[in-house]
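Report on the following structure.
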Amino acid sequence: MNKDIYLSNSLGGKKEKFVPIKKDQVGMYVCGPTVYDDPHIGNARPLVIFDLLFKVLKCKYGSKAVTYVRNITDIDDKIIKSSKEKKIPISDLTKSITKKFHTDCDYLICESPSYEPRATENIKLMIEMISDLIKSNFAYESEKHIYFKVKNFKDYGKLSNKNLEDLIAGSRVEVSENKKNPEDFVLWKPSKDDEPFWESPWGNGRPGWHLECSVMSKKYLGDTFDIHGGGRDLIFPHHENEIAQSICANKTKNLANYWVHNGFITMSKEKMAKSQGNVLKISDFKSNYNGQVLRLALMSAHYTQPLDWNNKLMNECYKTINKWYDCYSPTNKKILIKDEDLQPLYDDLNTPGYLANLHKLYIKAKDGSLKDKELFTIACNFIGLLRQPKDQWDKFKKEKLSLSEKEISEKINDRNKAREDKNYKLADKIRDELLDKGILIEDKDGKTTWKIK
RNA sequence: GGUAACGUGGCGGAAUGGUUACGCAGAGGAUUGCAAAUCCUUGUAUCCCGGUUCGAUUCCGGGCGUUACCUCCA
């Protein structure tokens, strides 16, 4: 397959043909979690979206050609605050949230990135980058704080379409007596007695937000790399500041050539965010839904669009996967997905377009040959669906049942007796009762079978 | 106030300068004791006003509306 990949580039605001810096090598950096609280559905979207992009890139460039780096930020003001609130030592908190995050990734069927560096393991490199920035007059020290001097970087605001005057006029920037200018942001700050610290030329302290991404992307992908991803809300200030730091420290023109940002998950059309108090934890879904259902739901809209999260969406996705399992036919054969079927994914990760193709392949597979079913299964597998054996999917459904199989067959016997007696009122009552409990009865060829709705 | 995104049938959601998305729901039919499941059939929608064009839902301008970012947020 030699089709081009297109991506919506936030830098410039247009869909562009993807051309990697090196012909047969792709580097992608995605902002991972700050591990201070349980991951929620909003966090799940970039996990699934960039997992898909990883798969598509590997499909085109080869599985070894793509380096996917996703950081874990394990030192930050939010973590310190959360640790105090929860009365848990910081390292315990970050370890347990990181573990939960990985469990959630598995639940959503996301494969591991190539590297998953932690901020606290790279403090030395951060200090080096700060020193470079001070030397080249892009940063200054003030009362044991180091600030980035935004005015000295003329391209500041290019990604987020902001200019300095507006930012200052907005005056929502954090005011601090130590700053020379209100728009400056902190690279290093002193730690209080009860806060974690690292030794530095400017005293014991800790890094500002933003810096870990600049340092770790450089470490694994170089000064300039291909794709940088994350949620829309990171565009400003996080990515803007990353760009400023990296370009000034590395003396390059660009940090990443393609900036890819996913839209938000909303609840009743309003952004799902901790500050709004309307977050749904990923783990809350585990008892009721197989992770594939969430994964499909997260792919049901284009990644740049907002996605409203509700029960109807979940139910539709559940029904779709349940239906698709009828054609589940795993195989070790190498069956290639047709270019025309794959094409929507190459075109800016158009997941709804690909899902439409899957529906078409399903219809073909349903009455088709084994090979059609195998192709359909492989096409689902490509985006991380139908990877679990069917009995695992059924098992999950059975766990939710309130009736035992024995009770169900007793009810069915009762109903069939009633039918023989032509007591259809009773028969229908039993059937409806079972349906209420999620058991679907089918009379076929004189036999009655049941399945879980 | 500044900066963006979006506005498609009952709902969700793609695409597109002239013809079909797709899914769910609904309707009709086959089947059935009745159902369910399944199968078959069925949908002519692009916020408003101008402009460009032979032709715009699609491009351009204006308006209205919704949302987001400008403070931590995926």
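Chain A is the first sequence line, chain B the second, and so forth, proteins listed ahead of strands; every chain is numbered from 1. Please read these numbers as outputs of a predicted model, since none were measured by experiment.
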Have a look at A:R70 and say if it touches a base, only the backbone sugar-phosphate, or nothing, with a 4.0 Å heavy-atom cut-off. nothing

Salt bridge between A:D443 and A:R431, side-chain N to carboxylate O under 4.0 Å?
no

Mind checking if A:N357 touches a base, just sugar-phosphate, or nothing, with heavy atoms under 4.0 Å?
nothing

ask   = So what does A:A301 hit on the nucleic acid, given a heavy-atom distance under 4.0 Å: a base, only sugar-phosphate, or nothing?
value = sugar-phosphate

**Report entry** Distance below 4.0 Å between A:K319 side-chain N/O and B:A25 OP1 or OP2
**Finding:** yes

Distance col, row A:H40:NE2 vs A:D104:CG, nearest 0.5 angstrom, shows 11.0 Å

- Task: Please determine if a side-chain N or O atom of A:K360 lies less than 4.0 Å away from the OP1 or OP2 oxygen of B:A21.
- Result: no

Quiz item: Should A:I41 and A:M267 count as side-chain neighbours, where that means a heavy-atom distance under 4.5 Å?
Solution: no

Inter-nucleotide P distance (B:G51, B:G65), Å rounded
24 Å

Counting any heavy atom closer than 4.0 Å, what does A:D428 reach on the DNA or RNA strands: base, sugar-phosphate only, or nothing? base

Whole-Å distance, A:L307 CG to B:U67 P, equals 17 Å

Taking B:A21, B:G33, B:A74 as options, the one with an atom nearest any side-chain atom of A:P352 is B:A21

Distance check: side-chain N/O of A:K422 vs OP1/OP2 of B:C34, anything under 4.0 Å? no

(request) Could you tell me whether the phosphate oxygens of B:A68, OP1 or OP2, come under 4.0 Å of any side-chain nitrogen or oxygen in A:K269? (result) no

Of the candidates B:C70, B:A68, B:A14, the side chain of A:K162 sits closest to B:C70

Exactly one candidate in A:D92, A:D37, A:D38 meets salt bridge (charged side-chain N to carboxylate O under 4.0 Å, His left out) with A:K86; the answer is A:D37

So what does A:S160 touch, heavy atoms closer than 4.0 Å: a base, only the sugar-phosphate, or nothing? sugar-phosphate

B:U31 -> Watson-Crick or G-U wobble partner, both distances under 3.5 Å, gives none

Query raised in the report: Is A:N161 near enough to B:U3 that one of its side-chain N or O atoms lies under 4.0 angstrom from OP1 or OP2?
Result: no

**Q.** Nearest-angstrom distance, P atom, B:U8 to B:A4
**A.** 23 Å

Between A:G13 and A:H359, whichever has its closest RNA chain B nucleotide further toward 5' is A:G13

Atom CG of A:N262 and atom C1' of B:C6 are separated, to the nearest Å, by 16 Å

Under a 3.5 Å limit on both distances, the Watson-Crick or wobble mate of B:A21 is none

Worksheet entry | Sugar-phosphate, base or nothing in reach of A:K323, heavy atoms under 4.0 Å | sugar-phosphate

Practice task
Take atom C1' in B:G29 and the same atom in B:U20, then report the distance between them in whole Å.
Solution key: 24 Å

Regarding the side chain of A:H302, the nearest nucleotide among B:A14, B:C72, B:G23 is B:A14

Checking B:G23, B:A74, B:C70 against the side chain of A:K271 (C-beta onward), the nearest is B:A74

From CZ of A:R232 across to P of B:U3 the rounded distance in Å is 16 Å

In Watson-Crick or G-U wobble terms, with both distances under 3.5 Å, the base opposite B:U42 is B:G26

Rounded to whole Å, the CZ-P distance (A:F264 to B:U67) equals 14 Å

- May I ask you to say what A:S300 touches in the nucleic acid, namely base, sugar-phosphate or nothing, with a heavy-atom cut-off under 4.0 Å? sugar-phosphate

note: A:I235, atom CD1; B:C70, atom P; distance rounded to Å ~ 11 Å

Distance check, P atoms only: B:A25 and B:A56, in whole angstrom units.
37 Å

- Task: Pick the P atom in B:G7 and in B:U16, then give their distance to the nearest Å.
- Result: 13 Å

query: Is the phosphate of B:U3, meaning OP1 or OP2, less than 4.0 Å from a side-chain N or O of A:N163?
result: no

Q.
What's A:L358 touching, base or sugar-phosphate or nothing? Going by heavy atoms closer than 4.0 Å.
A. nothing

note: A:I49, atom CD1; B:A74, atom C1'; distance rounded to Å ~ 11 Å

- Item | C1'-based separation of B:A37 from B:U31 [nearest Å] | 11 Å

5'-most contact on RNA chain B (nearest-nucleotide basis), A:Q305 vs A:A44, goes to A:Q305

Quick note, A:A356 side chain, CB onward, closest among B:A74, B:C69, B:C22 is B:C22

**Request:** Find out whether the Lys NZ or Arg CZ of A:K78 is both under 6.0 angstrom from the six-membered ring centre of A:Y36 and within 45° of the ring's axis.
**Result:** yes

A:R431 has its side chain closest, among B:A35, B:A74, B:G23, to B:A35

Just call it for A:G42: base, sugar-phosphate, or nothing, with non-hydrogen atoms closer than 4.0 Å on any strand.
base

For A:R415 and A:A427, the nearest pair of non-hydrogen atoms, with its separation, is CD-O, 3.4 Å

When rounded to whole Å, the CG to C1' distance for the pair A:D77 and B:U71 reads 13 Å

Between B:U19 and B:C59, how far apart are the two P atoms, rounded to whole Å?
16 Å

Closest of B:A14, B:A74, B:A37 to the A:K451 side chain is B:A37

Between A:I146 and A:A139 the two heavy atoms that sit nearest each other are CG2-CB, 4.0 Å

So ring-ring contact (aromatic ring centres under 6.0 Å, His included) across residues 98-122 of chain A, not counting sequence neighbours, yields A:Y115-A:Y220

Taken to the nearest whole Å, CG/A:L164 to C1'/B:G2 is 13 Å

#### Entry: Pair A:D421 + A:K417: basic N to acidic O under 4.0 Å
no

Distance, C1' atom - from B:U52 to B:U44, rounded to whole angstrom | 27 Å

B:A4 -> Watson-Crick or G-U wobble partner, both distances under 3.5 Å, gives B:U67

From the candidates B:C72, B:C69, B:G33, the one with an atom nearest any side-chain atom of A:Y424 is B:G33

Exercise. Does B:C39 have OP1 or OP2 sitting under 4.0 Å from an N or O in the side chain of A:K366?
Worked result: yes

